[in-house]
Amino acid sequence: MTRLFPISIRFTQKRLAVLLVLLVLLPFVVLCFYSHPGADDYSDAVQRRELGFWVVQRDLYLHFTGRLFTSVILTEASPLVRGLLDVYWLVPLLTLNLVLGSLYTLLTVLVGVVWTRPVRLLAAAIVLALWLLQNPSVAESVYWFNGLAVYTVPTAVLIFWLAALVRYWQADCSRARAGWLGLGLLLGTAVLWSNEIIALPLLAAVGGLWGWEWWRGGPRRASLALAVGWYGLALAVSLLAPGNMARANIIAVPVSWSWVIGGSLASSAYLLLNWASSGVLLFGTALALPALARVVAAAPQPLRRLATLRPSQLLVAAGGLLALLPLAALPNYWATGGLMPPRARASMYLLFLLGWFAAVLAGLLVARAATWWPVLVAYPGRWPLGAAALLWAGMLLNLVTDHNQRVAHRDLGRASNSAVLAYRDWLSGSAARYDASLRARYRLMRTAYPARWLQVAPLSRTARPVSLLYYDITTDSAFTFNRDYARYFHQKAVWTGPGGQGHPPKFYQPTPD
């Protein structure tokens, strides 16, 4: 019995982790089946249907955006373009799987020789659950096609790019290195042509790696110089697009460089404070420490390379990672004078989680010389029962009480634990009423005689789930969203009756209510 007892403890802790992850992910998966497109999704579909692929891509580049990769996703991957509105639920479901797959791929590259496939899958699901828990807006980054296409999907591509970069660094023969470098150039170009929030940090990170290789005379300095040049050219093609200039003229917000730099630094510091002080993240990291310490002790190849660095060099690398966040915030402060929209912050939070656990592993590498290191690695990937019970209690307490860590005053009172909101939207029936209301509207729009002027019922207050609804059509029939919504269903005009939503803000710029 005494021999079996530790095994039962191990299984209990592992099963508890699996159960908790499943409970966190469950409402987000269920809400996929109640999701619907909104706002710009109809505009993109109408333009693609009426103009064709090449014309719409040319017009977007010349008049609206230089994001070549996301422009293709918006016009070609949307189910609306194919008339598949009724299976829109596949979009967020596939997006969640894409993010999970990218995390699993990166973990396989990093620790595949140490962790088994089920353990890697659980670890990837844990990171996905952590991301969803404190996602600033799952409505924008998971369930709204435009938001996920411009931010979430490119962030998943960036994670795949990181995996390719690690493989390139591990490759021993020149042919393998050339293959992984080519894949990295392809994936990196897609990221650079997606959005500036993650494009600038990618270019800066590759530039930093090239500088490091050049300084130490490493064998990859020529290849990295090629990558820096290629990525710089690709980013210039995107940033200098006529469409970007046209959109900047439309926004036309005068912003001083002191505010751009100061605002980027201040908001980044505040975001880091909120993210790093999350009780769920801190207790989760503490629970994972024995398992992470055993990974460091096993020393897979990527960690062996890190282990050759001195602590001061690791600190410089960590400082470089921290500097990427203000760099990501710069484009939005330059364009609008305000904070990144929630969908962009969601992407940055996912990358923060990767940086967080990378920093933990680096810290454990440094700590191998500490006197307490043998004690930590002595545990078989888990804490003893007493310590584990305290940490799990802290984790669960934070899960039910962590509800108010938002950046802007306008967001105070909305749960930072997004799983609570998702469960509320699901179990209260709000998501079901939202789904039923929109399906009834679709039937009306499809069965009405074409080219009609139609007033439709607004979404009721009990049918506006925070987790799902980004923006509905408005009470103004001449508004852009309404106009394209009507054209999608081959109607003349459409608007909502009294109680409907008004015009959305021009761009996200948090101000006191």
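What you see is a predicted model; the values in this text were computed from it and never measured.
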Asks: Is the centre of the Tyr349 ring less than 6.0 Å from the centre of the Trp275 ring?
Replies: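 Yes, the ring centres sit under 6.0 Å apart.
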
Asks: Let's go through Trp230 and Thr189 carefully: what are the C-alpha distance in whole Å and the side-chain angles of both, what is the deciding distance for side-chain hydrogen bond (donor to acceptor under 3.5 Å, both in side chains) to 0.1 Å, and is it a yes or a no?
Replies: CA-CA 8 Å; Trp230 174 262; Thr189 302; 2.8 Å; yes

Asks: Please check if any side-chain donor atom of Asn135 sits under 3.5 Å from a side-chain acceptor atom of Ser141, or the reverse.
Replies: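 The answer is yes; a qualifying pair exists.
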
Asks: Locate the shortest heavy-atom distance separating Ser194 from Phe69; write the atom from each residue and the value.
Replies: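 In terms of heavy atoms, the two residues are closest at CB-CD2, 4.1 Å.
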
Asks: Relative to each other, are the rings of Tyr42 and Tyr488 parallel, tilted or perpendicular (30° and 60° limits)?
Replies: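 Rings of Tyr42 and Tyr488: perpendicular, as their planes differ by over 60°.
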
Asks: Which heavy atom of Arg120 sits nearest a heavy atom of Trp115, and at what distance?
Replies: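 Of all heavy-atom pairs spanning Arg120 and Trp115, the closest is NH1-O, 2.7 Å.
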
Asks: Mind listing the closest non-hydrogen atom pair of Tyr61 and Val237 along with its distance?
Replies: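 That closest heavy-atom pairing would be OH-O, 2.8 Å.
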
Asks: Give the minimum heavy-atom separation between Asn195 and Val150, together with the two atoms involved.
Replies: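 The pair with the smallest heavy-atom distance is ND2-O, 2.7 Å.
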
Asks: How many angstroms lie between atom CE of Met340 and atom CE of Met348, to the nearest 0.5 angstrom?
Replies: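 Output value for this atom pair is 6.0 Å.
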
Asks: Is the Lys NZ or Arg CZ of Arg221 less than 6.0 Å from the centre of Trp210's six-membered ring, within 45° of the axis?
Replies: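 Output no; distance or angle outside limits.
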
Asks: Hey, could you give me the OG1/CD1 distance between Thr105 and Ile159, rounded to the nearest 0.5 Å?
Replies: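 Rounded to the nearest 0.5 Å, the OG1-CD1 separation comes out at 9.5 Å.
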
Asks: Look up atom CG in Leu162 and atom CG in Leu187, then write down how far apart they are to the nearest 0.5 Å.
Replies: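 Atom-to-atom, Leu162:CG and Leu187:CG are 10.0 Å apart.
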
Asks: Are a donor atom and an acceptor atom from the side chains of Thr75 and Gln47 found within less than 3.5 Å of each other?
Replies: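 Not at all, the side chains of Thr75 and Gln47 share no donor-acceptor pair under 3.5 Å.
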
Asks: I need the Arg343 CZ to Asn146 CG distance, nearest 0.5 Å.
Replies: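 One finds 7.0 Å between CZ of Arg343 and CG of Asn146.
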
Asks: Begin from the C-alpha positions of Thr285 and Trp356 and carry the test side-chain hydrogen bond (donor to acceptor under 3.5 Å, both in side chains) through to its verdict.
Replies: CA-CA 9 Å; Thr285 303; Trp356 171 270; 2.9 Å; yes

Asks: Apply salt bridge (charged side-chain N to carboxylate O under 4.0 Å, His left out) to Arg49 and list each qualifying residue two or more places apart in sequence or on a separate chain.
Replies: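 For Arg49 there are no salt bridge (charged side-chain N to carboxylate O under 4.0 Å, His left out) partners, ignoring immediate neighbours.
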
Asks: Could you tell me whether Arg345 and Glu140 make a salt bridge, using a distance below 4.0 angstrom between a side-chain N and a carboxylate O?
Replies: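 Salt bridge: no.
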
Asks: Could you tell me the separation between the OH atom of Tyr88 and the CZ atom of Phe145, rounded to the nearest 0.5 Å?
Replies: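 It is 7.0 Å, given to the nearest 0.5 Å.
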
Asks: Between Trp144 and Tyr470, is the ring centroid distance below 6.0 Å?
Replies: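 Yes, the ring centres sit under 6.0 Å apart.
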
Asks: Kindly compute the distance separating CG (Leu133) from CG (Leu281), expressed to the nearest 0.5 Å.
Replies: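 So the gap between those two atoms works out to 10.5 Å.
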
